[in-house]
Amino acid sequence: MPKQQFWLLKSEPESFSIDDLKQAKQQTTCWDGVRNYQARNYMRSMNVGDLAFFYHSNAAPPAIVGIVEIVRTAYPDHTQFDSSHHHFDPKSKMEAPAWDMVDVKFVEKFAAPLSLEMLRDIAALKDMELLRRGSRLSVQPVTAAQWKTIIKLANKK
DNA sequence: GCCAACGTTGGC
DNA sequence: GCCAACGTTGGC
């Protein structure tokens with residue numbers, strides 16, 4: 001059994017929210033559309049059983065809204081080969097897919113979202129990637145300590 | 001809607 | 001390999 005790791009996944013709720021995931025078939029979805037190499041590499045290092053925060057970006061307010069579990073490790077993102085798809089990548093070849101996705105399953109929606117503004121006030125989270133100025137990475141690692149801190153905040157509310 | 005931060009592209 | 005131009009992300 002590989003050691004459990006923690007992550008954070010961003011999604012714009014207008015395109016896919018945690019409620020969409022909760023209502024999805026088997027409460028599971030493929031996390032497609034990642035088109036950034038660093039984010040892709042993080043996905044490739046995910047293991048089944050890893051947990052991730054679900055973050056709503058471009059939302060009011062931007063916030064961590066719940067938890068998902070990785071239920072399938074990285075495999076080719078089919079949307080890269082679909083010319084009608086918004087995330088089509090004409091340079092990616094079938095025999096060497098450039099982009100991967102993982103499958104995630106709904107675990108929990110927090111009773112109250114943990115807003116970005118509120119998280120910025122927590123000293124223990126000051127080094128979090130999410131809070132870095134100009135941070136745009138849509139798939140990020142979260143340390144065990146940061147994970148624990150945020151879970152405590154979620155349960156306190 | 002603005003704009004800072006960042007990644008990518010392409011000319012040289 | 002440099003770097004300006006451009007496109008995108010995402011908070012505000």
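Heavy atoms only: backbone and side chains are in, while hydrogens, waters and symmetry mates are out. Small disclaimer: the values here were computed from a predicted structure and weren't measured. Throughout, a chain's letter reflects where its sequence line sits, starting with A, and its residues are numbered from 1.
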Query raised in the report: Can the ring centres of A/W99 and A/Y75 be said to be less than 6.0 Å apart?
Result: no
Report task. Inspect the contact between A/D127 and A/R132 and indicate whether a charged nitrogen and a carboxylate oxygen are less than 4.0 angstrom apart. Result -> no
Query raised in the report: Taking the inter-plane angle between the rings of A/W147 and A/F53 on a 0 to 90° scale, is it parallel (under 30°), tilted (30 to 60°) or perpendicular (over 60°)?
Result: parallel
Query raised in the report: Between A/D77 and A/R40, is the closest basic N to carboxylate O distance under 4.0 Å?
Result: no
Query raised in the report: Which part of the nucleic acid does A/R132 contact within heavy-atom distance under 4.0 Å: base, sugar-phosphate only, or nothing?
Result: sugar-phosphate
Report task. State yes or no: are the ring centers of A/W7 and A/F54 separated by less than 6.0 Å? Result -> no
**Report entry** B/S/- contact track for nucleotides 6-12 of chain C, protein heavy atom under 4.0 Å
**Finding:** -BBBBBS
Report summary line: 5'-most contact on DNA chain B (nearest-nucleotide basis), A/R133 vs A/Y37, goes to A/R133
